[in-house]
**Student:** 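Questions regarding the structure given below will be posed in turn.
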Amino acid sequence: MTLWLFKSEPDEYSLQDLAAEASGFGRWDGIRNYQARNFLRDRVAVGDGVLFYHSACKIPAVVGTAEVVRAAYADPAQFDPESKYFDPKASADKPRWYCVDLAWRSEFAHPVPLADIKKNPQLTEMVLVKQGRLSIQPVRQEEWDSIVKLGGK
DNA sequence: GCCAACGTTGGC
DNA sequence: GCCAACGTTGGC
């Protein structure tokens, strides 16, 4: 099992949106960055744990956890001309973009802000700190444990 | 809204 | 097969 950190803009899709899914899971789609796609397509597996991170908002922070419940499949939005994620260069037998399904697991009592993570000597090696712009990234077990502890859940 | 880091693309 | 240009991302 691998542990991950997934970023989402809360205006687009928040942890609360995932928690409110009637089906019990949500589709993590719209990934259009190659580095993130490669992780999604090649490494993310059912049962993997996910730190849910809110980005591009007032206080960027890890806000809770989720779990992967379906591994990579072709993101349907790339085939839909009406979608903003439409990609004319993608085809059904040669999809370019992938998505997974996630289930909500927990919401932190105390969100863990990026600013605090940067100040924490135990967490300075996180990809989140070392490489800013990556929306899907692996997390070490120790990092997961520290953040969940800080989150209070 | 700027701009830096990244993987991919495509012209040569 | 090199490498400059491109699109995406996201903190500031």
Side-chain angles (χ1 to χ4, degrees), chain A residues 2-21 26-45 48-68 70-102 104-108 110-140 142-144 146-152:
Chain A
T2 313
L3 299 170
W4 303 95
L5 182 147
F6 283 15
K7 295 182 183 178
S8 185
E9 302 186 16
D11 291 345
E12 294 283 327
Y13 193 79
S14 68
L15 179 67
Q16 291 73 28
D17 291 331
L18 175 61
E21 294 279 4
R27 175 181 291 157
W28 195 271
D29 59 2
I31 300 298
R32 292 295 180 271
N33 168 278
Y34 286 107
Q35 209 176 351
R37 180 206 65 183
N38 294 348
F39 279 130
L40 204 58
R41 184 189 58 192
D42 305 334
R43 305 269 309 279
V44 176
D48 285 357
V50 173
L51 292 175
F52 201 111
Y53 179 90
H54 282 172
S55 67
C57 55
K58 198 167 263 181
I59 304 177
V62 180
V63 293
T65 62
E67 184 179 327
V68 178
R70 182 177 173 187
Y73 57 102
D75 183 348
Q78 69 192 309
F79 308 127
D80 176 7
E82 301 298 310
S83 169
K84 68 170 177 173
Y85 293 120
F86 177 64
D87 185 341
K89 291 186 181 168
S91 63
D93 39 318
K94 277 207 161 182
R96 179 175 283 193
W97 306 110
Y98 292 83
C99 57
V100 298
D101 291 345
L102 289 187
W104 178 89
R105 282 296 173 262
S106 74
E107 178 172 349
F108 288 168
H110 313 286
V112 182
L114 175 63
D116 290 0
I117 291 172
K118 284 183 170 172
K119 282 187 284 186
N120 189 321
Q122 292 183 313
L123 299 175
T124 51
E125 289 301 307
M126 284 189 75
V127 181
L128 184 68
V129 176
K130 305 198 81 165
Q131 185 182 337
R133 298 158 186 84
L134 182 57
S135 53
I136 292 184
Q137 52 184 262
V139 172
R140 294 187 186 90
E142 317 86 82
E143 295 165 347
W144 173 283
S146 300
I147 288 183
V148 169
K149 196 173 172 190
L150 289 169

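Note that the structure is predicted; figures quoted are calculated from it, not measured. Residue numbering restarts at 1 for every chain, and letters A, B, ... go by the order of the sequence lines.
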**Student:** Relative to the ring of A/Trp28, is the ring of A/Tyr13 parallel (under 30°), tilted (30 to 60°) or perpendicular (over 60°)?
**Tutor:**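 Perpendicular: the ring planes of A/Tyr13 and A/Trp28 meet at over 60°.
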
**Student:** Do nucleotides 6-12 of chain C as a string where each nucleotide becomes B, S or -: B if the base has a protein heavy atom under 4.0 Å, S if just the sugar-phosphate does, - if no protein is that close.
**Tutor:** --SBBSS

**Student:** Which donor-acceptor pairs under 3.5 Å do side chains of residues 81-90 of chain A form with protein atoms, sequence neighbours excluded?
**Tutor:**
{"unit_1": "A/Ser83", "atom_1": "OG", "unit_2": "A/Tyr85", "atom_2": "N", "d": "2.9"}
{"unit_1": "A/Asp87", "atom_1": "OD1", "unit_2": "A/Lys89", "atom_2": "N", "d": "2.9"}
{"unit_1": "A/Asp87", "atom_1": "OD2", "unit_2": "A/Trp97", "atom_2": "NE1", "d": "2.8"}

**Student:** Under 4.0 Å between any heavy atoms, over every strand shown, what does A/Lys89 touch: base, sugar-phosphate, or nothing? Just pick one.
**Tutor:**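 Sugar-phosphate, backbone atoms only, no base.
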
**Student:** Within this structure, what is the CH2-OG distance for the pair A/Trp4 and A/Ser135, rounded to the nearest 0.5 Å?
**Tutor:**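 If I round to the nearest 0.5 Å, the distance is 11.5 Å.
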
**Student:** Check step by step if side-chain contact (heavy atoms from CB on, under 4.5 Å) holds for A/Asp75 and A/Tyr98.
**Tutor:** CA-CA 5 Å; A/Asp75 183 348; A/Tyr98 292 83; 5.7 Å; no

**Student:** Identify whether NZ of Lys or CZ of Arg in A/Arg41 sits under 6.0 Å from the centre of the six-membered ring of A/Phe39 and within 45° of that ring's axis.
**Tutor:**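 Not flagged: A/Arg41 not positioned over aromatic ring of A/Phe39.
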
**Student:** When you match A/Gln35 and A/Arg96 each to their closest nucleotide on DNA chain B, which lands nearer the 5' end?
**Tutor:**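 It is A/Gln35 whose nearest nucleotide is closer to the 5' end.
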
